[in-house]
Amino acid sequence: MAFKNEEDKVAYWRENISLVLTLLAVWFAVSFGAGILLVDVLNSIQFFGFKLGFWFAQQGSIYVFVVLIFVYMAKMNALDKKYGVDEE
Amino acid sequence: MDLQMMTFLVVGATFLLYIGIAVWARAGSTNDFYVAGGGVNPIANGMATAADWMSAASFISMAGLISFMGYDGAVYLMGWTGGYVLLALCLAPYLRKFGKFTVPDFIGDRYYSQTARTVAVVCAIFVCFTYVAGQMRGVGVVFSRFLEVDIVTGVVIGMAIVFFYTVLGGMKGITYTQVAQYCVLIFAYIVPAVFISIMVTGHVLPQTGFGATLADGSGMYLLEKLDGLSVELGFNEYTNGSKSMIDVFFITAALMVGTAGLPHVIVRFFTVPKVRDARKSAGWALIFIAGLYTTAPSLAAFARVNMIETINGVEQQGTPYASAPTWIKNWEKTGLISWDDKNGDGKMFYSGDERNEMKVDRDIMVLANPEIANLPAWVIALVAAGGVAAALSTSAGLLLVISTSVSHDLLKRNLAPNITDKQELFYARLAAAVAIGIAGYFGINPPGFVAQVVAFAFGLAASSFFPAIIMGIFMKKMNKQGAIAGMVSGIAFTAAYIIYFKFVNPAANVPANWWFGISPEGIGTLGMLVNFGVAYVVYRATGEAPEEIQQLVEDIRYPKGAGEASAH
């Protein structure tokens, strides 16, 4: 087994799941939340030349998606190191 | 030099480039052919994934669609990018660690069942053929419009090029040609967009021009102007759509989940050396895709204002047909734009109500944009090359999945396990050649339902592969009975709903008849939930997966020890 002990294996997986769930919550909030469910509310806010809800639906959510993947990458690489299961 | 000559030169030069790369990157083994030897740099793989993903539909049709749909166009923008978050966080790293060649490989091994493998193979082949027929058609259309050869010749040329580098190079050849094709297509998309953004708003970046004031000195915001024009002409306000919220929600979800479940996208993550590279590669892929996807809605808005003002005049009184710009007359010949002078005043007028005298095809927006904006001939030639690059790169990726499914999943892992690597490689090449032939046939004789079946492809991927893979990774006790029952019921439910509304009774395809107001485009989301639900119930009734399978699942959950992708 790659892990030092059974507890480490469980802890690694739990941290991984909580990271993924946190990031997916943001993913849901910007696209389905701001871009669809709350679009009418946010549209009353002006953001430069955009209505805010419209901006999230056609621009903002895409930028957030990109950031999410890179945050995940950095955090997971750190997590792998912490538990000694990285590929180096 | 005239436009046609210029187009021949530009498109011809890109073809030479693709062929050169193919000769350089020949495949020597099945490992090369299926996963490019597993040694692709993650950033190059990101670029190849982007080209693989962005098809003729993304390049030619999407901005036009958004231009006519306004806010509702967000279903494509969020749906076709948000799936990458799911891929990166929930699928790609684990599938890379698993280290096999294909999606059916994973399904078959994880669920220790040839039946599961066969179900997956059938889905993969169906999804890919659906897609590829549309791509070949795209190549033919671009050729016929810009080079004035007939569609058949266009499709045959496209087939010959794809044949050459897919059959010769396999995944290795495809990967490096896709990198080149991404560069061609993104350049071809951004250049006209930048020109038009400067013209309309004075901003160099289309993404900021989208939210800027107009350059005509009125001080009005672009979107404000567009909303005003839309209402005045009898359309919905541009920034408010016409679809119901629940439908927008379900379509977006189906496209996202479908994206994450498409085999030709997933297989790209088997080509990088390490698990951490798979994570990185997904991020880069989305950056490269976002380049086009954040430009498209801007382009859609610019094009809409431009088109309305050209046809209706700045004062919205209509412009005389006699003084119409040449692009209108050029595109009239193709039948994509037409004018019917209903009130007999000799002026053109475009609107969403009974005053309308124009028929404008959506596909015109990207292709005619350079002409509308009076850009030089080389830019128009570039757009033609970009459209062909988008169609070829996607076709090649899909054809590879088809050939791999046949030679590896069907023959090597199922029917004829004793064939050697050389024989398997031969069958892979043969399958690719046959698949290209079939795809070409559909490109020349398109079945009338190509557009309809695209919803099918996403719905199927969303309701079959995605739940099976997710449960395979995150629920180690999920067993084969649950997975198979889930896949079969998810597909059956989704397919039945789509077939009913698209083919059996298209007249009933209106919101009032839809379940919960969900259109056939969005039903894959419900199909996915059905899959999860059925799988769970069946699993509870039949017991846990065997111990060695649970061990296998635990092994793919951390990166250490990931070897090269291999057959066994």
Side-chain angles (χ1 to χ4, degrees), chain A residues 1-3 8-10 12-13 16-17 19-24 26-28 30-32 34-40 43 46-51 53-77 79-81 83-88, chain B residues 66 70-71 73-75 77-79 81-82 84-90 93 201 207-208 210-213 221-224 227 238-240 245 248-249 252-253 256 273-277 279-280 282-287 289-290 293-294 296-298 300 474 554-555 557-562:
Chain A
M1 187 164 63
F3 291 95
D8 260 18
K9 191 166 90 177
V10 175
Y12 170 84
W13 188 242
N16 176 9
I17 295 287
L19 172 66
V20 168
L21 289 180
T22 312
L23 295 176
L24 286 182
V26 178
W27 166 80
F28 186 87
V30 293
S31 52
F32 293 100
I36 298 176
L37 298 173
L38 301 174
V39 71
D40 293 330
N43 273 348
Q46 186 79 10
F47 175 70
F48 297 98
F50 299 102
K51 293 175 183 170
F54 177 84
W55 182 78
F56 265 109
Q58 297 213 340
Q59 294 275 305
S61 53
I62 302 176
Y63 300 126
V64 178
F65 293 157
V66 172
V67 173
L68 285 176
I69 299 183
F70 280 93
V71 169
Y72 170 75
M73 185 184 95
K75 294 242 177 197
M76 277 313 282
N77 289 345
L79 192 66
D80 291 345
K81 273 220 163 59
Y83 286 91
V85 288
D86 56 322
E87 295 153 295
E88 303 315 323
Chain B
I66 299 167
Y71 163 79
V75 298
L77 295 166
M78 293 194 289
T81 54
Y84 279 85
V85 178
L86 293 174
L87 253 176
L89 272 53
C90 306
T201 65
Q207 287 83 348
T208 59
F210 196 16
T213 51
Y221 283 118
L222 169 76
L223 287 167
E224 210 182 334
D227 277 346
Y238 190 80
T239 55
N240 281 320
M245 186 182 284
V248 171
F249 189 100
T252 306
M256 280 186 184
K274 290 174 179 170
V275 172
R276 59 184 297 164
D277 294 331
R279 295 175 187 147
K280 187 174 176 184
W284 280 101
L286 189 55
I287 287 190
I289 292 166
Y293 273 64
T294 55
S298 323
F474 292 91
E554 293 204 334
D555 272 351
R557 288 181 173 179
Y558 57 87
K560 194 168 192 162

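Chain letters run A, B, ... following the sequence lines, proteins first, then strands; residues in each count from 1.
Ionic pairing of A:Glu87 and B:Lys560 is not present here: no N-O contact between side-chain nitrogen and carboxylate oxygen is shorter than 4.0 angstrom.
Among A:Asn77, A:Leu24, A:Asp40, the residue with the largest count of heavy-atom pairs under 4.5 Å with chain B is A:Asn77. Ranking B:Arg279, B:Lys280, B:Met245 against chain A, the residue ahead of the rest is B:Arg279, based on heavy-atom pairs under 4.5 Å. Between chain A and the residues B:Thr294, B:Leu86, B:Leu223, the largest count of heavy-atom pairs under 4.5 Å involves B:Thr294. Interface summary for chain B: among A:Val64, A:Asp86, A:Leu68, the most heavy-atom pairs under 4.5 angstrom belong to A:Asp86. Taking chain B as the reference chain and counting heavy-atom pairs below 4.5 Å, the highest number among A:Tyr63, A:Phe56, A:Phe48, A:Phe50 is found for A:Phe50. Here B:Gly211 is the residue among B:Ala300, B:Gly211, B:Ala212, B:Ala74 with the most heavy-atom pairs under 4.5 Å with chain A. Heavy-atom pairs under 4.5 Å with chain B were tallied for A:Val20, A:Leu37, A:Asn43, A:Asn16; the largest tally goes to A:Leu37.
Both the backbone and the side chain of A:Phe65 have a heavy atom closer than 4.5 Å to some heavy atom of chain B. Using a 4.5 Å cut-off between heavy atoms, B:Leu286 contacts chain A through both its backbone and its side chain.
With ring centers used as reference points, B:Phe249 lies under 6.0 Å from A:Phe32. Aromatic ring centroids of A:Trp13 and B:Phe474 lie under 6.0 Å apart.
Listed for the A:Trp27 side chain is a donor-acceptor partner under 3.5 Å among the backbone atoms of B:Gly82.
Ring geometry for A:Phe3 versus B:Tyr558: interplanar angle over 60°, hence perpendicular rather than tilted (30 to 60°).
B:Ile289 CD1 to B:Thr81 OG1: the interatomic distance, rounded to the nearest 0.5 Å, is 8.5 Å.
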